[in-house]
Amino acid sequence: MDNNLGVFFIIGILILVLLIGAMKNRGEWIVNFLLRGVLGMMSIYFVNLLFAASIPGMKLGYNPITFLTSGILGFPGVAMLYGINFYMLL
């Protein structure tokens with residue numbers, strides 16, 4: 001029983017140290033998230049212009065889900081959204 005308590009104590013301290021480190025860089029994370037989100041929405045706009053004439057159903061919408069996806073994952077997230085949209089067209 002003492003062994004398990006020690007393991008949980010060490011894991012708790014490690015999580016606390018990670019959270020303290022994350023709080024120091026929180027501002028940088030927010031700026032990166034917003035920058036990736038805005039650039040992702042701009043890329044969706046321009047790719048929609050590109051695909052509008054050639055593939056009618058490939059347009060993505062501008063909504064919070066696409067902003068969150070592009071903000072969290074960046075350009076690979078935008079590519080994933082277009083891949084899912086293309087799969088749905090098949």
Side-chain angles (χ1 to χ4, degrees):
M1 189 70 159
D2 271 336
N3 195 15
N4 287 338
L5 184 62
V7 170
F8 287 128
F9 184 69
I10 291 172
I11 290 173
I13 290 174
L14 290 174
I15 290 173
L16 181 66
V17 168
L18 287 174
L19 286 176
I20 290 171
M23 294 305 258
K24 287 178 73 174
N25 296 329
R26 192 176 79 201
E28 183 180 341
W29 287 357
I30 292 171
V31 170
N32 283 338
F33 171 78
L34 291 175
L35 185 63
R36 281 191 305 249
V38 169
L39 289 175
M41 294 303 275
M42 287 174 50
S43 65
I44 288 173
Y45 173 76
F46 288 116
V47 172
N48 279 347
L49 286 177
L50 180 76
F51 282 151
S54 60
I55 306 172
M58 277 300 286
K59 291 181 83 171
L60 283 180
Y62 310 107
N63 55 41
I65 301 298
T66 56
F67 182 81
L68 287 174
T69 304
S70 64
I72 293 171
L73 299 175
F75 289 117
V78 173
M80 179 189 69
L81 288 171
Y82 276 105
I84 291 170
N85 195 19
F86 182 72
Y87 178 75
M88 296 302 285
L89 284 175
L90 293 178

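Hydrogens, waters and symmetry mates are skipped; everything else that's a heavy atom, side chains included, is used.
Other cluster members for Leu14: Ile10, joined by side-chain heavy-atom distances under 4.5 Å among Ile, Leu, Val, Met, Phe, Trp and Tyr. The hydrophobic cluster around Ile65 extends to none of the other residues, as no ILVMFWY side-chain heavy atom falls under 4.5 Å of it.
Atom OG in Ser43 sits 9.5 Å away from atom CG in Leu60 (nearest 0.5 Å). Between atom OG1 of residue Thr66 and atom CG of residue Leu81 there is a gap of 7.0 Å, rounded to the nearest 0.5 Å. Here the OG atom belonging to Ser70 is positioned 6.0 Å from the CE atom belonging to Met41, to the nearest 0.5 angstrom. Note: Leu34 CG to Trp29 CH2 = 14.5 Å, rounded to the nearest 0.5 Å. Put simply, CG on Leu49 and CD1 on Ile44 are 12.5 Å apart, with the number rounded to the nearest 0.5 Å.
Applying the side chain to side chain donor-acceptor pair (under 3.5 Å) test to residues at least two apart or on different chains, the pairs with a partner in residues 78-90 are Asn48-Tyr82.
When hydrophobic clusters are built by joining Ile, Leu, Val, Met, Phe, Trp and Tyr residues whose side-chain heavy atoms come closer than 4.5 Å, directly or via intermediates, Val38 is not grouped with Val31.
Residues meeting the side-chain contact (heavy atoms from CB on, under 4.5 Å) test with Ile84, sequence neighbours left out: Met80, Met88. Applying the ring pair (Phe, Tyr, Trp, His ring centres under 6.0 Å) criterion to Phe33, with sequence neighbours excluded, gives Phe67. Qualifying side-chain contact (heavy atoms from CB on, under 4.5 Å) partners for Leu89, counting only residues two or more places apart in sequence or in other chains: Ile55, Met58.
By the neighbour-count criterion of 12 heavy atoms within 6.0 Å, atom CZ of Phe86 is sparsely surrounded, having that number or fewer from other residues, nucleotides or ligands.
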